[in-house]
Amino acid sequence: MKRVLTILLWTAIVLGGVAGLGAIAFERGEHLNAGWFLIAAVCTYLVAYRFYSAFLSTKVFMLDARRATPAERLEDGRDFVPTNKWVLMGHHFAAIAGPGPLVGPTLAAQFGYLPGTLWLILGAALGGCVQDFTILVCSIRRDGKSLGQMAREEVSKRGGSIAVLAVLAIMVILLAVVALVIVKALKESPWGTFTLVMTIPIALLMGVYLRFVRPGRVLEASVAGFAMILLAVVGGQWVNASPSWSAAFTWSGSALAIAIIVYGFAASALPVWLLLAPRDYLSAFVKIVVMLLLAAGIVWVRPALEMPALTRFVDGNGPVFAGKVFPFCFITIACGAISGFHSLISSGTTPKMIMLETHARFVGYGAMLIESFVGVMAMVAACALSPGVYFAMNSPAGIVGKTTEAAASTISGWGFPLDAQTMTDLARRVGEHTLLDRTGGAPSLAVGMAQIFSGTIGGERLLGIWYHFAIMFEALFILTVLDAGTRVGRFMVQDFGGHFWKPLGRTNWAPGVWISSGLIVGAWGFFLWQGVQDPLGGINSLWPLFGIANQLLATVALVVATTIILKMGERRYAWVTLVPMAWLVAVTMTASYQKVFHSNPRIGFLSQVRVLSAQLASGAIPPERVAVTHRMIFNNRLDAAVTLLLAGMVLVLVFEAIGEWIAILRGTKPAELHEAPYVVTKWAEADL
Amino acid sequence: MKTRRNARWEIFKKLWWGFRQMSGDAAYDVYLRHWRSCGATEETPRLLTRGEFYLERIQQRYRTPSRCC
């Protein structure tokens, strides 16, 4: 009887998933309700977790609850700590979920909701979760080794170096692009800027409290910090209303970029307890609260999506970023579907805390499903906006015009009706001077979230507060990524530079800290400045570059996982990582090629160089723009070189790995695994 | 009745402990538990104070990628 009920239940879940996906894919009449997205996502996740992750666990990796994990064997109460699987899942999710699953889907909404949503749901189930899970298992069986170490040992020495270089490159581009998202969200926005500036003294206060007053009492400091942040959000409206205060916090894009660069340097060079750690605790706390609020809000309001399933911009001429739906949808949405950066977390702290090998399924596969759900919620929030409003906010002024009237006319001409008064009213309702040219995804997502939140609590009266709450939330954890990333980058520069000049490698030598911090901040600051000065908004160039770098890192992770599966002798199951890897190689190589060589100057860096050079040669550039144009030519050449370098490195690794696989399959090379020895867990009796 | 209340209290305590662990608030308590069961080792010759432990942990954590994009 129980078996019959189970079969009936899973049949209902499968049918629910099919109905949800079917509605998303084929419904073309009235505006689709967000409820269908929730049904499609949740049912697909349940099926994927119940069946596919079980297959990966039992057939491919044969997870063994009797095999002691590094958390047990090397337990030290610090890094290696056996942790309850629910707690570890929370830890792991907080570490993998950043701004990516929110911003990427918002940008990809320019293609309509269909391609992005399908990629989020299916890409996660068959790609992202598989990557996170397999790298986690591989790391657990190797005493928690990092991706770079595993690549070096299991693929080749060069593979390890490529992984490390890819991490550094992705870090630089990632930091530049997330900083650009903040600049675009806060420029000319006194309320938002005030709120974010206030997070700095709040974090400093928390830092002093956690260091000297009540050391390590993270929870009480986070709750107090959260309360102060809420006060700052509410207080921002008075700053906005006061002419003098409003003027003091109205910053241009360039001013904001300089402030963020200075901040990044300070966060990297200052003691970690003062700014970075307290901000991170605060950010994690706010992140969990807001994501729960958003999920509850969407379930409660169930907004109708105004964006069509597919827009005309699948042809590659989108105003948010240029490029066809293939491959650009799949690199624009990285986090939320598959993100190489996750492999660093899966081979970082998590494998050192897992209690039983079998928990890897729940932690690795499960946490990624939740992140995918966050991406689907972001897609719903962005697509619940009127398409006219969405395009007005996310298109650079260089494309739609600098005035509200010009933007309304251009966007209406694309078939998305918009009148100028709507934009003016919306800006006033959310407490902004203007919402035009707010590229980067964060502001339009904040409007979408504010509409959902205010539909649940407070109504129209609180729309402005909810908007700035959402902006604060996005900016807060973007700054956390910036702080933490810059510091990690600094250590990587010190590690690397220490080989050539010993003192630089000493992490307690102040000039070494300043030089390495300056180098890493200078690197991402350069790309940030480039994005701020770009007349096409910067996102058009930088976000695809970030997506390519991130997906290339995922390719590295899947190459490592495939090699390990083959070495384990499970060749009949190698497709589980080989198929997503092949897909990513196709996506990233096509995108890299197009970003460098495409004839459309909005897509191809070198075409843009040719157009600008021709304009210079013909004298079409006014004298005051000549220097800027030369700089843009240099920037485009640099972007092309970085893209080619990244793609080239990964191709070398892929070909090297293919050679290794052929040798293993032919038996000409021994399939030597570098696993830690098998030890039976002391919990075996208790848990089995 | 009392047993049921006790059971509820136990569940609440477990949830609270899990929440504290998830937020990082209980890291020192976990370390203390480990110290009490294992005592001094080569890597940890003496018991760290709460302040020392906090500082050591955060300095270690932000050396490797700990936050994703």
Side-chain angles (χ1 to χ4, degrees), chain A residues 75-79 81 83-84 86-88 90-91 94-100 146 167 170-171 174 177-178 210-212 214-220 222 271-273 276-277 280-281 283-285 288 334-335 339 341-342 344-345 348-349 477 480-481 483-485 487-488 491 507 546 550, chain B:
Chain A
E75 184 177 357
D76 61 2
R78 296 160 162 183
D79 292 318
V81 180
T83 306
N84 175 285
W86 289 91
V87 172
L88 188 56
H91 260 293
I96 62 170
S146 70
V167 171
I170 186 183
M171 201 85 88
L174 158 72
V177 81
V178 294
L210 284 166
R211 172 86 172 87
F212 298 110
R214 299 260 293 161
R217 302 289 185 184
V218 171
L219 212 46
E220 52 199 62
S222 300
V272 67
W273 59 266
L276 171 50
D280 192 14
Y281 285 124
S283 160
F285 194 83
I288 300 291
C335 310
S339 159
F341 213 98
H342 289 193
L344 306 181
I345 310 292
T349 48
F477 73 34
T480 309
V481 170
D483 298 350
R487 195 175 170 85
V488 170
F491 280 112
T507 52
F546 159 62
N550 200 356
Chain B
M1 190 66 180
K2 200 173 176 184
T3 323
R4 196 180 295 168
R5 202 180 301 150
N6 283 348
R8 275 192 208 141
W9 177 239
E10 284 306 313
I11 291 170
F12 173 77
K13 277 205 305 193
K14 273 190 182 165
L15 286 175
W16 178 240
W17 173 249
F19 184 58
R20 285 190 62 221
Q21 270 191 296
M22 215 183 281
S23 67
D25 198 64
Y28 187 67
D29 302 301
V30 171
Y31 167 71
L32 271 185
R33 280 184 182 185
H34 174 73
W35 178 271
R36 280 177 195 138
S37 64
C38 297
T41 61
E42 210 171 296
E43 296 87 43
T44 52
R46 69 175 181 86
L47 179 67
L48 299 178
T49 65
R50 189 179 280 273
E52 287 171 331
F53 177 80
Y54 172 69
L55 208 55
E56 193 234 40
R57 285 294 71 212
I58 56 175
Q59 274 166 352
Q60 189 58 32
R61 185 193 309 161
Y62 298 107
R63 276 173 167 269
T64 50
S66 58
R67 286 286 174 256
C68 185
C69 42

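A note on names: the letters A, B, ... follow the listed sequences, proteins ahead of strands, and every chain is numbered from 1. Because the structure is predicted, anything quoted here is derived from the model rather than measured.
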field: Tyr281(A) vs Ile58(B), side-chain contact (heavy atoms from CB on, under 4.5 Å): CA-CA, chis, key distance, verdict
entry: CA-CA 11 Å; Tyr281(A) 285 124; Ile58(B) 56 175; 3.9 Å; yes

- prompt: Does Asp79(A) pair with Arg57(B) as a salt bridge, N-O distance under 4.0 Å?
  reply: yes

Measure the shortest side-chain to side-chain distance between [X] and [Y] over non-hydrogen atoms and say whether it is less than 4.5 angstrom.
X        : Y         : answer
Ser23(B) : Phe285(A) : no
Glu56(B) : Arg78(A)  : yes
Asn84(A) : Trp17(B)  : no
Asp76(A) : Trp35(B)  : no
Arg63(B) : Val488(A) : no

Can you tell which of [options] has the highest number of heavy-atom pairs within less than 4.5 Å of chain B?
options                                    : answer
Phe477(A), Phe212(A), Trp273(A)            : Trp273(A)
Val481(A), Leu276(A), Thr480(A), Leu174(A) : Leu276(A)
Pro271(A), Ala284(A), Gly100(A), Ala277(A) : Ala277(A)
Arg211(A), Met171(A), His342(A)            : Arg211(A)

- prompt: Glu52(B) versus chain A, heavy atoms under 4.5 Å apart: side chain, backbone, both or neither?
  reply: neither

- request: Answer with side chain, backbone, both or neither: which region of Arg61(B) has an atom nearer than 4.5 Å to a non-hydrogen atom of chain A?
  value: side chain

message: Once rounded to the nearest 0.5 Å, what's the spacing between atom OG1 of Thr64(B) and atom CG of Leu344(A)?
response: 9.5 Å

field: Point-to-point distance, once rounded to the nearest 0.5 Å, from CG of Leu15(B) to CH2 of Trp86(A)
entry: 11.0 Å

message: Please determine whether side-chain contact (heavy atoms from CB on, under 4.5 Å) holds for the pair Arg217(A) and Arg50(B), giving the CA-CA distance in whole Å, both sets of side-chain angles, and the decisive distance to 0.1 Å.
response: CA-CA 9 Å; Arg217(A) 302 289 185 184; Arg50(B) 189 179 280 273; 3.4 Å; yes

Using heavy-atom distances under 4.5 Å, tell me whether [X] contacts chain B through its side chain, its backbone, both, or neither.
X         : answer
Leu219(A) : both
Phe546(A) : side chain
Val81(A)  : side chain
Leu210(A) : both
Thr349(A) : neither

- prompt: In terms of side-chain heavy atoms, does Asp280(A) have a donor or acceptor partner in Tyr62(B) at a distance below 3.5 Å?
  reply: yes

